[in-house]
Number of protein chains: 2
Amino acid sequence: MSDLLERLRGRGWRMTAQRRVVAEVLNGEHVHLTADEVHARAVAKLPEISRATVYNTLGELVSLGEVLEVTTDKRAKRYDPNAHRPHHHLVCARCGAIRDVHPLGNPLADLPDTERFGFTVSDVEVTYRGLCPDCAGA
Amino acid sequence: MSDLLERLRGRGWRMTAQRRVVAEVLNGEHVHLTADEVHARAVAKLPEISRATVYNTLGELVSLGEVLEVTTDKRAKRYDPNAHRPHHHLVCARCGAIRDVHPLGNPLADLPDTERFGFTVSDVEVTYRGLCPDCAGA
DNA sequence: GCTTGACTTAGACAAAGTCCATTGTAGGAT
DNA sequence: ATCCTACAATGGACTTTGTCTAAGTCAAGC
């Protein structure tokens, strides 16, 4: 965790109480939080922090490649701190629960040149959908 | 196209001018429109149509399986009329252009049981990201 | 041509996110 | 240790996307 703060400082990130709190929130839990949830947890540690700052900071962390933005549903973006090991997501269609998963194979290699239409393809995002045990059982 | 209208009528869909116009807009162009774009095109054909009706109708078409909802970016949902041939999407990270693509293999089979966490996995959505020729060239 | 219940409408509302002018402050310079 | 200043934070207005509701309208069956 201080790894993250160290890395950021090394890249010339100006360290402020707000940024530290946001980074701590993301590192503290291995879940996929919405911006609002990050804000709520940040407020618990630093009551004066504003929504705009949380959005700004999240945006910077994404630009720096420290955090992934995940848009699994139409609602809010979610932020995934597990940016250094490539992985994909499994989402419950009913309750929205998200798990990180590691499929076999390399989906990037599965897109033939004839299907690339001249694009420079750099990334692939796989989202599995289904029902989690709780929602399927009920 | 009248195929679509026929199918819908066969399923007990009450046919109205508004619904016809929305269905025509989706069938008319092989692009991925946002709800607002659908509304704009629908207004061109039927000026009195309201936003709520477009949203309702799109939602019904999705429920009926005639149209796919695609959420490639954080902005608006897009609607893909090409629901009867399974496919995935290639998105330009800069301009947002979308192409339908057909990767090799079956990503659903690439998720081992040990990575399913008890979920009933029913669907998979693959989004390739990169730069389109225009954006990469510039 | 009626009737009826499903459909449509306009506009208020809500949620998620962005923008901007102002105020505050981290960290280097002195 | 103190000062400076560029960068960061604030908060509130604003935008975008989508949902809801009460009242009016109309497609389809009789």
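Proteins get letters first, then strands, A, B, ... in listed order; numbering begins at 1 in each. Because only heavy atoms are used, hydrogens play no part in the values below, and waters and symmetry mates are left out as well, while side chains stay in. These figures come from a predicted structure and were not determined experimentally.
- Under the 4.5 Å side-chain contact rule for hydrophobic residues, B:Leu5 and B:Val38 share a cluster.
- Applying the ring-ring contact (aromatic ring centres under 6.0 Å, His included) test to residues at least two apart or on different chains, the pairs with a partner in residues 31-54 of chain B are B:His32-B:His89.
- Without hydrogens or angle criteria, A:Glu37 side chain to A:Thr34 main chain gives a donor-acceptor distance under 3.5 Å.
- Atom C1' of nucleotide C:dT9 and atom NE2 of B:His39 are separated by 11 Å, given to the nearest angstrom.
- The CE atom of B:Met15 sits 5.0 Å away from the CZ atom of B:Arg9 when rounded to the nearest 0.5 Å.
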Please list, pair by pair, any protein nitrogen or oxygen found under 3.5 Å from a nitrogen or oxygen in nucleotides 4-7 of chain C.
residue : atom : partner : partner atom : Å
C:dG5   : N2   : B:Arg14 : NH1          : 3.2
C:dG5   : N2   : B:Arg14 : NH2          : 2.9
C:dA6   : O4'  : B:Arg14 : NH1          : 3.4
C:dA6   : N3   : B:Arg14 : NH1          : 3.3
C:dA6   : N3   : B:Arg14 : NH2          : 3.4
C:dC7   : OP1  : B:Arg19 : NH1          : 3.2
C:dC7   : OP1  : B:Arg19 : NH2          : 3.3

Please set out all donor-acceptor pairs under 3.5 angstrom arising from side-chain atoms of residues 101-111 of chain A, sequence neighbours excluded.
residue  : atom : partner  : partner atom : Å
A:Asn106 : OD1  : A:Leu108 : N            : 3.1

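- By the criterion of side-chain heavy atoms lying less than 4.5 angstrom apart, applied directly or through intervening Ile, Leu, Val, Met, Phe, Trp or Tyr residues, A:Val91 is not grouped with A:Leu33; the two fall into different hydrophobic clusters.
- In this structure, B:Val70 is not a member of the same hydrophobic cluster as A:Phe117, with clusters built from ILVMFWY side-chain heavy atoms closer than 4.5 Å.
- A salt bridge does not link B:Glu60 with B:Arg11: none of the charged nitrogens is closer than 4.0 Å to a carboxylate oxygen.
- B:Leu131 and B:Ile98 fall into different hydrophobic clusters, where Ile, Leu, Val, Met, Phe, Trp and Tyr residues are linked whenever their side-chain heavy atoms come under 4.5 Å apart, directly or through other members.
- If you check every strand for non-hydrogen atoms under 4.0 Å, A:Arg20 touches nothing.
- With a 4.5 Å cut-off between side-chain heavy atoms of Ile, Leu, Val, Met, Phe, Trp and Tyr, the cluster of B:Tyr55 takes in none.
- Defining each end axis of the helix from C:dG1-D:dC30 to C:dT30-D:dA1 as the rotation carrying four pairs' C1' atoms onto the next four, with five pairs an end, the two axes are found to diverge by 30° to 10 degrees.
- What separates CE of A:Met15 from P of D:dA9 is a distance of 10 Å, to the nearest Å.
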Contact letters for nucleotides 13-22 of chain D, in which S counts primed atoms plus P, OP1 and OP2 and B counts the base, heavy atoms under 4.0 Å: ----SBBB--
